[in-house]
Amino acid sequence: MDKGPLSDRIITAFDGLSTQLQTAARYVVDHPREVALLSMREQARRAGVQPASMTRLAKQLGFDGYDELRDRYAEALREGDSGFAERAGEQARSQKLKGDHALAADMLGSIGKQISRLSEPAALDRIVEAATRLAGARRVYCLGLRSSHAVAWQVHYILSLVGEKSVILDGIAGTGADAIGRAGAADVLLVASVLPYTRATIELAEYARASGVPIVAVTDSEVAPLAQIAEAIIIVPTESPSFLHAMTPAFAIAEVLGALVAGRGGEATLEALGALVAGRGGEATLEALKRFDGQLAALDTHLQTRNSKRAS
């Protein structure tokens, strides 16, 4: 939910509110999903105001209390965001007005800012924590469906280059989830899902968690379904000028996690991360990559030059 059902009303009333109520109002406008999902006291804590301020804000907006305001947001969340068709129509109108160059520039500019936020210290701490858990696992089971599939596949692909540590939960005839039945507490399920959350992803992650499998999640909110059950979470932004949510930040996280885990050579320690930075990857990783390079050469997998086929 990018915009709450009361955002326009709050913005209209904003200048007439006290400083405390403006702080509460700003939280409600900026975090519509949290308004629907979190308790009033937790929202007040995150907004930096007293719970009574949330109640006064609701009354200022014409409600009997904050629960009534929350109900409006919960109802909007249950009804779901506007569908792809509606958002595509909004994009088409904006694109017609501003032009293709403007939309492309807006999308690329937005993605650049999102990637930059992922390199901030707090985000890096979460990335390193997730990499530590993945590196220390006996096996990493990777799950991502629909638009999140590329995220899970990229981690699996990188790890498959350096060993047999990774299992992708994907397969024909509906058998993709079967492998998770062999997972246990020594393994990790890496799972990616962003709004609108794919039901099968959440249900499989909940099953794995109930079976004692630790979860590392790449998702879009502190209150996302995966965030409630994961031992480690990485929050990725998904806002986009396009009618589709942005998946580039999540895919970038997949590349970083894969590189960190591969570079540790199986050592789940921060010292091994330092070795990676210094260019001293694990010997097991190097040997696996040498074998893989030999396989690629034997099978002539890659073109050596752009015109090699023409020359022959």
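These numbers were taken from a predicted model, which means no experiment stands behind them.
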Under the salt bridge (charged side-chain N to carboxylate O under 4.0 Å, His left out) rule, collect the residues that match up with [X], sequence neighbours excluded.
X	value
Arg138	Asp187
Arg117	none
Asp67	none
Arg9	none

Closest non-hydrogen atom pair, [X] against [Y]:
X	Y	answer
Ala254	Val151	CB-O, 3.4 Å
Ala137	Val188	CB-CG2, 3.6 Å
Ser193	Ser148	CA-OG, 3.6 Å
Met54	Val28	CE-CG2, 4.2 Å
Ala13	Leu61	CB-CD2, 4.5 Å
Leu257	Ala131	CD2-N, 3.8 Å

Do Leu37 and Tyr73 pass the side chain to side chain contact (heavy atoms under 4.5 Å, CB included) test, and can you show the C-alpha distance, the side-chain angles, and the key distance before you say yes or no? CA-CA 9 Å; Leu37 297 171; Tyr73 279 77; over 6 Å; no
If I take atom [atom1] from residue [X] and atom [atom2] from residue [Y], how far apart are they, to the nearest 0.5 angstrom?
X	Y	atom1	atom2	result
Asp30	Arg46	CG	CZ	13.5 Å
Ile234	Glu129	CD1	CD	9.0 Å
His149	Leu143	NE2	CG	10.0 Å
Leu145	Thr198	CG	OG1	5.5 Å
Leu190	Ile253	CG	CD1	11.0 Å
Asp125	Glu120	CG	CD	11.5 Å

Once side chain to side chain contact (heavy atoms under 4.5 Å, CB included) is applied, do any residues pair with [X], and if so which ones, sequence neighbours excluded?
X	value
Gln22	Phe14, Leu17
Ala177	Leu204
Val256	Ile127, Leu260

Salt-bridge contact Glu222-Arg126 (side-chain N to carboxylate O under 4.0 Å):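 Between Arg126 and Glu222 there is a salt bridge, with a charged N closer than 4.0 Å to a carboxylate O.
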Whether [X] side chain and [Y] backbone form a donor-acceptor pair below 3.5 Å:
X	Y	answer
Arg70	Leu38	yes
Thr132	Val128	yes
Ser116	Lys113	no
Ser110	Asp106	no
Ser53	Leu21	no
Lys165	Ala262	no

For the pair Trp153 and His156, name the ring-plane relationship: parallel under 30°, tilted 30 to 60°, perpendicular over 60°.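 The arrangement is tilted - the two ring planes meet at 30° to 60°.
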Which pairs, with at least one residue in residues 57-66 and sequence neighbours excluded, count as a side chain to side chain donor-acceptor pair (under 3.5 Å)?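 For residues 57-66, and leaving out neighbouring residues, the side chain to side chain donor-acceptor pair (under 3.5 Å) pairs sorted by first residue read Gln43-Tyr66.
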Enumerate the side chain to side chain donor-acceptor pair (under 3.5 Å) contacts for residues 200-209, please, sequence neighbours excluded, ordered by first and then second residue.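 Found Arg209-Glu231.
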Not counting sequence neighbours, which residues clear side-chain hydrogen bond (donor to acceptor under 3.5 Å, both in side chains) with Tyr197? List them please.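 Tyr197 satisfies side-chain hydrogen bond (donor to acceptor under 3.5 Å, both in side chains) with Arg33, Asp220 once adjacent residues are dropped.
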side-chain hydrogen bond (donor to acceptor under 3.5 Å, both in side chains) partners for Arg139, two or more places apart: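 Scan of Arg139 (side-chain hydrogen bond (donor to acceptor under 3.5 Å, both in side chains), adjacent residues dropped) gives none.
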Are Thr238 and Leu195 side-chain neighbours, meaning at least one heavy-atom pair lies under 4.5 Å?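 Side-chain contact under 4.5 Å: no.
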Hey, are the side chains of Cys142 and Ser166 touching, using non-hydrogen atoms and a 4.5 Å cut-off?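 The answer is yes; the side chains approach within 4.5 Å.
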Are [X] and [Y] grouped together when hydrophobic residues (ILVMFWY) are joined by side-chain heavy atoms under 4.5 angstrom apart?
X	Y	result
Leu108	Leu118	no
Val261	Phe251	no
Val218	Leu124	yes

Walk me through whether Arg72 and Glu68 qualify under salt bridge (charged side-chain N to carboxylate O under 4.0 Å, His left out). CA-CA 7 Å; Arg72 288 287 298 275; Glu68 188 176 348; over 6 Å; no
For Glu34 and Glu42: C-alpha separation, side-chain torsions, deciding distance, then whether side chain to side chain contact (heavy atoms under 4.5 Å, CB included) applies. CA-CA 9 Å; Glu34 284 81 348; Glu42 178 60 19; over 6 Å; no
Could you walk me through whether Leu189 and Leu169 pass side chain to side chain contact (heavy atoms under 4.5 Å, CB included), step by step? CA-CA 10 Å; Leu189 173 64; Leu169 297 180; 3.8 Å; yes
Per the side chain to side chain contact (heavy atoms under 4.5 Å, CB included) rule, which among Arg56, Arg45, Arg41 passes with Pro51?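 That would be Arg41; it is the only one of Arg56, Arg45, Arg41 passing the side chain to side chain contact (heavy atoms under 4.5 Å, CB included) with Pro51.
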Residues that, via side-chain heavy atoms closer than 4.5 angstrom, fall in one hydrophobic cluster with Ile233: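 The other cluster members (ILVMFWY side chains, heavy atoms under 4.5 Å, direct or chained) are Ile235.
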Flag yes if more than 12 heavy atoms outside Glu255 fall under 6.0 Å of its CD atom; otherwise flag no.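 Counting neighbours around CD of Glu255, more than 12 heavy atoms of other residues, nucleotides or ligands fall under 6.0 Å, so yes.
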Assess the residue pair Leu6 and Phe63 against the criterion (side chain to side chain contact (heavy atoms under 4.5 Å, CB included)); give the C-alpha distance rounded to whole Å, side-chain angles, the decisive distance to 0.1 Å, and a yes or no. CA-CA 12 Å; Leu6 302 177; Phe63 297 99; 3.6 Å; yes
